[in-house]
Amino acid sequence: MLHLHRLALESNRTMRIIVLANGPFAVPTCKRLLADGHDIPLVVVRPLVDPTAKKLPPTPVRDWARENNLPLFEPASVNDVAAIAELQKYSPQLFFVCDYGQILSKDCLSVPSLGGINLHGSLLPRHRGAAPVQWALLQGDTEAGVSVIHMTPRLDAGPVLSIASTKVQADENAGQLEPRLAEIGVEASLQAIAQLEHWDGKSEIGIVQCQDGVTKAPRFAKSHGQLDFRLSASYLVRLIRALQPWPGTFAELQLADGKRIRVLVRAARSSDHDSGRAAGTVWPCTATESGPELGASWDSKPQKVLAVATGAGTAFIARLQPASKREMDADEFLRGHAMLEGAKFELPEPPVAKLTKH
C-alpha cells in the first residue's frame, strides 16, 4: 500500500523547469512533467565517459530527452562558471534534480527563481547518499519510500516538501523495489511543485530534517558482493536482495573432486535453524523441508533449493548463476550437480566485514 503525505495543494499552472538527471529513477517523473505541460527548455545529463565505445552504459534520461526532441546539455561540472551562464540563458523557475551525481553549488542553485527540488529514494533523513534503496534492504527496513527536498548545497540536507512510503514486499530486491519507488515519486514530486507555486521565496517551507535520524547510504563496489558464510543467514540474505541486480553477490563453490565454481547468488531466504554443520557446507533440500517460513509461500511446487550452513542459521539459495552460464533455479543447478557430498562454499580470508549500521 502506498502512503503519500501531502499538503492540500493542487498544481494550477505550469512552470519552466530544467531537468538535471541521469538514471531510470528520474524517468517516470520526467514523463509526467512533460505530459502535464511544463516547459522543459533543457535537460542536463552527465557526459558519457567514452562516447565512442561499442557498448555504452544505459542512459535513460538522455534517451527520454532525445525521444521528445528536448535540448541536451552535458557539462563536465554543472558548477563551472560557463555551465551556470548556460543555465541562466533559459531563465528557469525551477530545477528538477534526480540521480544526477553532482552536488549543486550555491551559485548554481541560485539560477532558478524557486531553487531546485531533488527526488531522493529514501525516507529522509534516513539513507542519505547514492544507494538509498540498497541500504534500506540491507538494513532490513520494512518500509521504504521517496522524499522530495528543497535543495541546499549540502548533500540531501534540504527541508522535505513531500514524502511517499510503501511497504517492502517479501523477497523484494533492489531491482524490483527501485522501479516501484520511482513511480510513487511522481506524485510526491508534483506535490512539492504545487507547494512552490504558492511560495513567496522568503518564508520557511517544508519540514527541516532531524539530524538525529541521519544515516549514510554510500555507493557499493563489486567487492561488497562477496559472501562470507561465517556471517548470519539473515544478514547474507539481506545483502543478496540489496545487491541485485548490481553489483550482485558471489561465492566460490568447492566440489569434492577439487573443482571450483564461482556462483552468483540471485535469490535466497534464511532460517534461524542451525544445522550443526560447518559454515559454508552445502546440501540439497526441498523448500518445504527448509522450514515453515520457506514452504508453499515460496513456490507452489516442491522446489529443490541449495541449503548452506552459516555462522547463525541456514541460508536457502533458490536462484543462482554459475560463472559463464545463464541464471537458473537451484533445482536445475542440482540436476547438473547431483553429487554434492563434501561440497562447500569457500570462506574468504581475511573474513569479509559485515556492513553495519551507518
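If you read the sequence from its start, that first residue is 1, and numbering goes on from there.
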Verdict with reasoning, Glu74 to Arg46, per salt bridge (Lys or Arg N to Asp or Glu O under 4.0 Å): CA-CA 5 Å; Glu74 39 192 316; Arg46 296 291 299 276; over 6 Å; no

Any donor-acceptor pair under 3.5 Å linking the side-chain atoms of Asp107 with those of Ser110? no

Residues Lys325 and Glu332 bridged, charged N to O under 4.0 Å: no

Which atom names give the shortest non-hydrogen contact between Tyr100 and Ala21, and what distance separates them? CD1-N, 3.7 Å

Can you check whether Phe345 reaches Leu227 side chain to side chain, under 4.5 Å on heavy atoms? no

Say you draw a straight line from OG1 of Thr152 to CG of Leu109; how long is it, rounded to the nearest 0.5 Å? 7.5 Å

Might you point out which heavy atoms bring Pro41 and Pro71 nearest each other, and give the distance in Å? O-CG, 3.3 Å

Check: Gln134 side chain, Trp246 main-chain N or O, donor-acceptor pair, under 3.5 Å: yes

Under 4.0 Å between a Lys/Arg side-chain N and an Asp/Glu carboxylate O for Asp171 and Arg241? no

Taking all heavy atoms of Ile117 and all of Ile193, pick out the closest pair and write down the distance. CD1-CG1, 3.8 Å

Verdict with supporting geometry, Thr166 and Arg180, side chain to side chain donor-acceptor pair (under 3.5 Å): CA-CA 9 Å; Thr166 184; Arg180 288 209 301 120; 3.0 Å; yes

Value for NE2 (His38) from CE (Met15), rounded to nearest 0.5 Å, stands at 7.0 Å

Angle class for the His150/Trp199 ring planes (parallel below 30°, perpendicular above 60°, tilted otherwise)? perpendicular

Output the distance between atom CD (Glu327) and atom CZ (Phe333), rounded to the nearest 0.5 Å. 13.5 Å

Can any side-chain N or O of Arg16 pair as donor or acceptor with the backbone N or O of Pro92 at less than 3.5 Å? no

So if you build clusters from Ile, Leu, Val, Met, Phe, Trp, Tyr with side-chain heavy-atom gaps below 4.5 Å, do Val282 and Leu264 land together? no

Determine, stepwise, if the pair His120 / Val146 fulfils side chain to side chain contact (heavy atoms under 4.5 Å, CB included). CA-CA 6 Å; His120 184 74; Val146 300; over 6 Å; no

Would the distance check show the side chain of Thr281 and the main-chain N or O of Ala278 forming a donor-acceptor pair, the cut-off being under 3.5 Å? yes

Salt-bridge contact Asp329-Lys304 (side-chain N to carboxylate O under 4.0 Å): no

Which residue in the set Leu20, Leu42, Val45 passes side chain to side chain contact (heavy atoms under 4.5 Å, CB included) when paired with Phe73? Leu42

Do Asn79 and Cys108 have side chains that get closer than 4.5 Å, going by heavy atoms? yes

What is the minimum heavy-atom distance between Asp228 and Pro351, and which atoms define it? OD2-CA, 3.4 Å

Taking every heavy atom of Leu94 against every heavy atom of Gly116, the minimum-distance pair comes out as CD1-CA, 4.1 Å

Less than 4.0 angstrom from a charged side-chain N to a carboxylate O is my criterion; do Glu183 and Lys31 meet it? no

Can you tell me if Gln102 uses its side chain to pair, donor with acceptor, with the backbone of Ala76 under 3.5 Å? yes

Criterion side-chain hydrogen bond (donor to acceptor under 3.5 Å, both in side chains) against Arg262, the qualifying member of Glu346, Glu252, Gln321: Glu252

Mark yes or no for whether Asp80, through its side chain, and Ala82, through its backbone, hold a donor-acceptor pair below 3.5 Å. no

Restricting to non-hydrogen atoms, name the atom on Gly23 and the atom on Val61 that form the minimum distance, rounded to 0.1 Å. O-CG2, 3.4 Å

Side-chain (Gln226) to main-chain (Pro348) donor-acceptor, under 3.5 angstrom: no

Can you tell me if Ser147 uses its side chain to pair, donor with acceptor, with the backbone of Ser122 under 3.5 Å? yes

When you measure from the side chain of Asn173 to the backbone of Gln176, do you find a donor-acceptor pair of N or O atoms at a distance under 3.5 Å? yes

Just by distance, with hydrogens left out, do Gln244 and Arg266 show a side-chain donor and acceptor under 3.5 Å apart? yes

Donor-acceptor pair, Thr314 side chain versus Ala309 backbone, under 3.5 Å? no

Side chain to side chain contact (heavy atoms under 4.5 Å, CB included) for Phe229 and Leu347? Distances and angles first, verdict last. CA-CA 7 Å; Phe229 289 97; Leu347 303 179; 4.2 Å; yes

I'd like to know if the side chain of Asp141 reaches the main chain of Leu137, judged simply by a donor and an acceptor atom lying under 3.5 Å from each other, with no hydrogens or angles considered. no

